[in-house]
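Throughout, numbering of the chain's residues begins at 1 and tracks the sequence. Computation of the quantities below employed the complete heavy-atom set of this structure, encompassing side-chain atoms and omitting hydrogens, waters and symmetry-equivalent molecules. Everything numeric here is computed off the predicted structure, so don't read it as measured data.
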Amino acid sequence: MSNYLNIDIPPFWCFLDTGFLHDEPPDVKNERIVVEVFSFTSIPQRCGMFSIMTEYGSQHARVPIHYLRSNDKEGSDYPLDWIQLWDTMSYYVSCNINEYTKNRAAKIMLKDHSLHKSKYLFTLDWCFGPQYKSGYGEMAAGHKCGHVFLGEGGQFFIQPNNRVLWMDGGSFISRTFDKKPDWKVFSKEFSCENTGSRWISKSEEEEYFYEFKESKE
């Protein structure tokens with residue numbers, strides 16, 4: 001499902017850094033309270049933000065991702081730009097749990113080249129819309145989806161494909177890189193109709209099984 005600005009996500013329980021409730025920065029030593037997370041807010045050039053409900057019945061919107069923790073104390077303490085590499089790309093966002101990667105473990109490649117083991121939760125993806133027609137949401141080389149992970153240190157991550165190495169309890173993912181691959185970001189954009197523009201229908205009638213002929217233009 002795709003939505004504008006806010007979208008429902010699979011609800012999950014976690015802890016809120018109470019710095020958010022006092023208009024203060026998050027701190028690994030701050031008190032934390034139990035919350036349930038149920039919605040995602042997507043605003044371009046802003047980090048991922050969530051709507052939460054506390055045990056006291058108070059609801060809070062647009063909670064930045066680095067105020068959420070899965071544990072009640074300590075844990076990893078990566079800065080925001082490490083746990084989410086790219087800002088959200090559009091007001092139009094979709095949320096899906098990919099069955100193929102559901103509950104799968106992965107290693108996230110951080111900015112210092114270390115690997116942080118994490119568990120897959122769901123995937124966010126962006127596109128343009130009638131009120132948002134610029135940016136990278138549909139550019140082949142600029143677009144990034146956002147896989148949401150729960151890290152082993154208690155922080156939540158939003159990471160693109162090129163920062164994730166998936167793990168497999170079966171037999172398919174069984175190789176490791178012996179060196180950094182020289183792969184490049186795919187930048188080509190294709191359109192079936194644009195490619196086929198030199199072909200036109202043979203008949204001017206609205207036939208169901210119509211045939212094509214090559215245009216002379």
Student: Assess whether side-chain contact (heavy atoms from CB on, under 4.5 Å) is satisfied between L110 and I83, documenting all intermediate values.
Tutor: CA-CA 8 Å; L110 301 175; I83 64 176; over 6 Å; no
Student: Is the distance from the ring center of F157 to that of H116 below 6.0 Å?
Tutor: yes
Student: So, taking the atom named CG in D77 and the one named CG in D27, what distance separates them when rounded to the nearest 0.5 Å?
Tutor: 7.0 Å
Student: Look up atom NZ in K102 and atom CG in N96, then write down how far apart they are to the nearest 0.5 Å.
Tutor: 12.5 Å
Student: Determine, stepwise, if the pair H60 / T54 fulfils side-chain contact (heavy atoms from CB on, under 4.5 Å).
Tutor: CA-CA 8 Å; H60 304 269; T54 72; 3.7 Å; yes
Student: Check the pair V35, C14 against side-chain contact (heavy atoms from CB on, under 4.5 Å), reporting the backbone distance first and the verdict last.
Tutor: CA-CA 6 Å; V35 298; C14 69; 3.8 Å; yes
Student: Specify the closest pair of heavy atoms between I108 and S118, including all atoms of both residues, with the distance to one decimal.
Tutor: CD1-OG, 3.3 Å
Student: Side-chain heavy atoms under 4.5 angstrom apart, residues restricted to Ile, Leu, Val, Met, Phe, Trp, Tyr: same cluster for F38 and V148?
Tutor: no
Student: Any ion pair linking D17 and K29 (charged N to carboxylate O, less than 4.0 Å)?
Tutor: no
Student: Indicate yes or no: at least one non-hydrogen side-chain atom of I52 is less than 4.5 angstrom from one of Q59.
Tutor: no
Student: Please, which pairs that meet salt bridge (charged side-chain N to carboxylate O under 4.0 Å, His left out) have at least one residue in residues 32-53, sequence neighbours excluded?
Tutor: none
Student: When clusters are formed by joining ILVMFWY residues with side-chain heavy atoms under 4.5 Å apart, either directly or through shared neighbours, do F15 and F20 land in the same one?
Tutor: no
Student: In Å and rounded to the nearest 0.5 Å, what is the CD1 to OH distance from I33 to Y56?
Tutor: 6.0 Å
Student: I'd like to know if V164 and I158 are part of one continuous hydrophobic network [Ile/Leu/Val/Met/Phe/Trp/Tyr, side-chain heavy atoms within less than 4.5 Å].
Tutor: yes
Student: May I ask you to test the V37-W13 pair for a side-chain heavy-atom distance under 4.5 Å?
Tutor: no
Student: Determine the interplanar angle of the F149 and W166 rings, folded into 0 to 90°, and report it as parallel if under 30°, tilted if 30 to 60°, perpendicular if over 60°.
Tutor: tilted
Student: Minimum heavy-atom separation for P10 and I97, please, with both atom names.
Tutor: CG-CD1, 3.6 Å
Student: Closest heavy-atom contact between N162 and M109?
Tutor: O-CE, 3.4 Å
Student: Kindly give the heavy-atom pair with the smallest separation between H66 and P26, and that separation in Å.
Tutor: CD2-CG, 3.4 Å
Student: Please check: side-chain N/O of S42 versus main-chain N/O of S90, any donor-acceptor pairing under 3.5 Å?
Tutor: yes
Student: According to a 4.5 Å side-chain heavy-atom criterion applied to Ile, Leu, Val, Met, Phe, Trp and Tyr, with indirect links allowed, do I7 and M53 form part of one hydrophobic cluster?
Tutor: no
Student: For the pair N3 (side chain) and N6 (backbone), establish whether a donor and an acceptor sit closer than 3.5 Å, ignoring hydrogens and angles.
Tutor: yes
Student: Listed by chain and number, what are the salt bridge (Lys or Arg N to Asp or Glu O under 4.0 Å) partners of D72, not counting sequence neighbours?
Tutor: none
Student: Other hydrophobic cluster members with V28, side-chain heavy atoms of Ile/Leu/Val/Met/Phe/Trp/Tyr under 4.5 Å, chained?
Tutor: none
Student: To the nearest 0.5 Å, what is the distance between OG1 on T88 and CH2 on W126?
Tutor: 6.5 Å
Student: What pair of heavy atoms forms the shortest contact from Y67 to P25, and how long is it?
Tutor: OH-CA, 3.5 Å
Student: Taking all non-hydrogen atoms of both residues into account, name the closest pair between C47 and P64 and its distance.
Tutor: SG-CB, 3.8 Å
Student: May I ask you to check whether over 12 heavy atoms, not counting those of K111, lie within 6.0 Å of atom NZ?
Tutor: yes
Student: On the 0 to 90° scale, with breaks at 30° and 60°, tag the F50-F12 ring pair as parallel, tilted or perpendicular.
Tutor: perpendicular
Student: Indicate yes or no: at least one non-hydrogen side-chain atom of M167 is less than 4.5 angstrom from one of K117.
Tutor: yes
Student: Pairing donors with acceptors under 3.5 angstrom, does anything connect the side chains of D125 and S94?
Tutor: no
Student: Cut-off 3.5 Å, side chains only: do D8 and S39 have a donor facing an acceptor?
Tutor: no
Student: Same cluster for L68 and V34 if Ile/Leu/Val/Met/Phe/Trp/Tyr side chains link at under 4.5 Å?
Tutor: no
Student: Mind running side-chain contact (heavy atoms from CB on, under 4.5 Å) on V93 and Y4 for me, showing each step along the way?
Tutor: CA-CA 7 Å; V93 60; Y4 180 82; over 6 Å; no
Student: What distance separates E31 CD from L16 CG, expressed to the nearest 0.5 Å?
Tutor: 10.0 Å
Student: Nearest 0.5 angstrom please: T18 OG1 to E24 CD, how far?
Tutor: 8.0 Å
Student: Between S76 and Q155, does any side-chain donor sit less than 3.5 Å from a side-chain acceptor?
Tutor: yes
Student: With a 3.5 Å cut-off and no angle check, do the side chains of Y120 and T123 form a donor-acceptor pair?
Tutor: yes
